[in-house]
Number of protein chains: 2
Amino acid sequence: MTISKPPIGSNAERSRSSNRQAVLGCIQSAGEMGRAALARSFGLSTQAVSNIIAELEADGLLIERGVRALGRGQPAMQYSVNPKGGYALGIEVRPDAVFMAILDLSGKEVSSQRSVLKSLEPRKVVAQVQKLRAEMLQKSGIEPDRVLGAGVVMPGPFGQTGLSGNSSDLPGWQSIDVARLFSEALGLAVELSNDANAAAMAERIGGAAHGLSNYAYIYFGAGLGLGLVNQGQLVAGAYGNAGEIGQIPIFTPDGPMPLEARLSRISVQRRLANKGALDVAALGALMASEDADLLAWLDDACAALSQAVMIIENLFDPETIILGGAMPGSILDFMVSNVDLPVLSVGNREDKTLPRLQRGAAGRMTATLGAASLVLNRAFTPQAAVL
Amino acid sequence: MTISKPPIGSNAERSRSSNRQAVLGCIQSAGEMGRAALARSFGLSTQAVSNIIAELEADGLLIERGVRALGRGQPAMQYSVNPKGGYALGIEVRPDAVFMAILDLSGKEVSSQRSVLKSLEPRKVVAQVQKLRAEMLQKSGIEPDRVLGAGVVMPGPFGQTGLSGNSSDLPGWQSIDVARLFSEALGLAVELSNDANAAAMAERIGGAAHGLSNYAYIYFGAGLGLGLVNQGQLVAGAYGNAGEIGQIPIFTPDGPMPLEARLSRISVQRRLANKGALDVAALGALMASEDADLLAWLDDACAALSQAVMIIENLFDPETIILGGAMPGSILDFMVSNVDLPVLSVGNREDKTLPRLQRGAAGRMTATLGAASLVLNRAFTPQAAVL
DNA sequence: TTGAATGCTCAAGTGAATTGAGTTAATGCT
DNA sequence: AGCATTAACTCAATTCACTTGAGCATTCAA
């Protein structure tokens, strides 16, 4: 889902670029590190790491954090990522509005905004995004050339599939090269992804999956999505549509139905139709008041979630499964503590140090922040060559 | 599941090694290629490719195939992989026997053998494997240092999981470092995997998935396994147990049950218990005679498979799903043509050029050949750096 | 106090890529 | 037929980024 595949062959310059990314990524996930420790963890010489660090420091991407004595020998100068060294743009396009967020290199939100769409026509949307970017950069006092790239999140699935035609699809966007469109308009490298994948990446940059390389993320959006991270990279599938978990059939007392029919905002909205339109805040209020209808829905939702966990664990064997998205944290927490974790699963291991199911970031902006995280993840990860 | 993680940092030597693998892999999947074409597809200079080719030719891994004129300009000298340039060892350890196969670089089977296990104790098994290797290499006239590595296939899942304790587990093998054990005994790089993953890789080297990078493989072994290939690499999961598809619940008229209960050799054996022990050949004979009980089982199996396809497609969005393993080809073919392909799936695309479901290699040795294919795949794929 | 361990720098050396000029061998145009 | 064009390839020089080895600084432990 990147603009153009990176070249496969390796040469001196590409080595350096890859090593730079590895150094940055290692420091980011460890918090702070010294040259020698970095050299050891990469199989590079200290001298090589020294050169790379000098370069990164000159570029403003790293800052000195003082020396730390860790035992015998000369204490090591520690470095950490300079939050102000670079910024990532997150763009979420929805049928009604665009959301934009700016993250700094540490993954902290610098600014975020929502802009109602006047037209859904791609050119007009892009123009609106350009304007929004200019405003936000100016307001935050960020130099445009400090922006590393943009992540774009759109409702999937991409291309004409058996799941197309949902209400969440963007009309007129199915057959265009969205990544190229944004990349040319913004003059930035663009990563395109669906909401669940983006949210999954957000957890890796600064959330519950910090430092993890294999995990799954169940995302509550319009429907239900799944973000899969394998070896630190998103599993996108052949056409970028992996993770459409909402359609998989689950077993209920009323017969088989799609997971989404029991576990999604649409399903809770339908069940609690008499309570009007429920946004995240309203659901949180109902949860706080221990609303009986909501609790009844939660029972069913947990039963469905249990089956989803079983399928995900047995197919992927992740280190953990994270629950997040447009749901109040209290509801996610309830699910995490009330789901029956399946016994007949490869996820059921005695030596597991992480919980099998845990809560991630919740809220309306999760996917937008995730979009920006795609960019950060790329900045921190050496690009793998793919044939 | 390799012995030791490759170093992350890149330097000149590692660049060369990675470029060598890329060149080999590209030639292997294209059949034959010239220097200039290779250089273009990698983003390397012709000179660099020239040097690499000279080295590979000197090592006996490539052979000249004469010049081909493809238009204007000087015709290009084509190279292809020398089948006799290297060999891969495949080892499948089962509760009753070890299977061993040798593949040449082109993926062709050179030799294969079965040896009944006298003892399941790891040290004794390894000793038996060592002896078997010596015999087979000698009989085939292969110099030992032409062997690139060994792939080892064992019944999963690995480690103590909620699925442990199956009859297919190897007692006494759960808590040892199997890869190290074989690697030290054989003096070879060893890749460890379960049967489904290995079989999936076999299809990539020379079978139905030749040249594909994203596909899924449903494997009929003792139970049912799933091999997932993402970006040309197996998805192993955090603990190497991804793809345990047999346990996922599916919907049947008799209620929910594990997929394996409807779609596996065990299930057909149970349904046709009155016909005695059924090996692959016996099942093939029943299929040829259009046995009514077998056809009834197939109906149920296809219904189950349809659900599995839906889950796999929606979670992974593969280019294709391949069916293979210890089942007669005729039964696999029947399934491929009789399964109801789910409509509500991201796999249901109009622009798909590959069939959504197709048949792969069938037979008793599939996993053993797959084990050797793991080695070939590594020889042909630049190793990705993983943090 | 002394020696071992550890972090780091400087300067020289090395491996593998790129660059640019030049050769060879096809096709296409006049 | 002759010549320009295109493409594949080689040789030699250069460049890039990493490694190596010598040497210094700082800390801990005996």
Side-chain angles (χ1 to χ4, degrees), chain A residues 6-24 26-27 30 32-59 62 64-80 382 385, chain B residues 6-24 26-27 30 32-59 62 64-79 382-383 385:
Chain A
I8 292 162
S10 176
N11 60 19
E13 274 170 48
R14 298 203 270 262
S15 281
R16 167 69 80 138
S17 149
S18 153
N19 288 344
R20 262 178 72 123
Q21 290 177 314
V23 166
L24 261 184
C26 200
I27 292 177
E32 57 177 56
M33 277 185 103
R35 289 169 234 259
L38 284 163
R40 274 191 301 267
S41 69
F42 293 148
L44 289 182
S45 60
T46 21
Q47 184 56 58
V49 172
S50 258
N51 295 338
I52 291 166
I53 283 187
E55 208 178 271
L56 289 171
E57 208 184 351
D59 289 354
L62 286 184
E64 288 194 354
R65 303 281 278 172
V67 292
R68 294 272 183 294
L70 299 142
R72 253 213 264 223
Q74 174 173 327
M77 172 62 76
Q78 302 297 111
Y79 289 85
S80 61
Chain B
I8 290 160
S10 176
N11 59 19
E13 276 172 48
R14 299 202 272 261
S15 280
R16 166 72 84 154
S17 147
S18 151
N19 289 345
R20 264 178 70 125
Q21 290 178 313
V23 166
L24 262 183
C26 201
I27 293 177
E32 58 177 55
M33 276 184 105
R35 289 169 237 258
L38 284 163
R40 275 191 300 267
S41 68
F42 293 148
L44 287 183
S45 60
T46 15
Q47 184 56 56
V49 172
S50 258
N51 295 338
I52 292 167
I53 282 188
E55 207 179 273
L56 289 171
E57 208 186 349
D59 289 354
L62 286 184
E64 289 192 355
R65 303 282 278 174
V67 293
R68 294 274 183 290
L70 299 142
R72 270 222 257 213
Q74 175 172 327
M77 172 63 75
Q78 304 297 112
Y79 289 86
Q383 299 311 299

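Throughout, a chain's letter reflects where its sequence line sits, starting with A, and its residues are numbered from 1.
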Q.
Run through DNA chain C and report every stem of 3 or more consecutive Watson-Crick or G-U pairs, distances under 3.5 Å, ordered by first number.
A. C:1-30 with D:1-30
Q) Can you check the A:Arg68 CZ to C:dC8 C1' distance for me, whole Å? A) 17 Å
(Q) Without decimals, in angstroms, what is the distance between A:Phe42 CZ and D:dT19 P? (A) 12 Å
**Q.** Given D:dC16, C:dA17, D:dT20, the nucleotide with the shortest approach to the side chain of B:Arg16
**A.** C:dA17
Q: Determine whether the side chains of A:Arg65 and A:Ser80 contain a donor N or O and an acceptor N or O closer than 3.5 Å.
A: yes
**Q.** Whole-Å distance separating the CD1 atom of B:Ile8 from the P atom of D:dC18
**A.** 15 Å
**Q.** Heavy-atom closest pair, residues B:Ser41 and B:Met33
**A.** OG-CE, 4.4 Å
Q: Would you indicate, yes or no, if D:dA17 has its OP1 or OP2 atom less than 4.0 angstrom from a side-chain nitrogen or oxygen of B:Asn11?
A: no
Q. Is there a donor-acceptor contact under 3.5 Å from the side chain of A:Arg68 to the main chain of A:Gln78?
A. no
Q: Spell out, as yes or no, whether a donor-acceptor pair under 3.5 Å connects the side chain of B:Arg35 to the backbone of B:Ile53.
A: no
Q) Is it the case that B:Gln47 and B:Asn51 place a side-chain donor and acceptor less than 3.5 Å from each other? A) yes
(Q) Looking at every non-hydrogen atom in both residues, tell me the closest pair between B:Ser10 and A:Ser10 and how far apart they are. (A) OG-OG, 4.2 Å
Q.
Rounded to whole Å, how long is the line connecting atom CG of A:Leu44 with atom P of C:dC8?
A. 15 Å
Q) Whole-Å distance between C:dA17 P and B:Arg14 CZ? A) 14 Å
Q. Given atom CD of A:Glu13 and atom C1' of C:dT18, what is their separation to the nearest angstrom?
A. 9 Å
Q.
Nearest 0.5 angstrom please: A:Asn11 CG to B:Asn19 CG, how far?
A. 8.0 Å
Q: Starting at OG of B:Ser18, measure out to CZ of B:Phe42 and round the result to the nearest 0.5 Å.
A: 9.0 Å
Q.
For nucleotides 4-14 of chain D, give me one character per nucleotide, 5' to 3': B if any protein heavy atom sits under 4.0 Å from the base, S if the only such contacts are to the sugar-phosphate, - if neither.
A. -BBBBSBBB--
Q: Measure from CZ on A:Arg20 to C1' on D:dC18 and round the result to the nearest Å.
A: 16 Å
**Q.** C:dA17 OP1/OP2 closer than 4.0 Å to side-chain N/O of B:Asn19
**A.** yes
Q.
Under a 3.5 Å threshold, yes or no: a donor from one side chain and an acceptor from the other, between B:Ser15 and A:Ser15?
A. yes
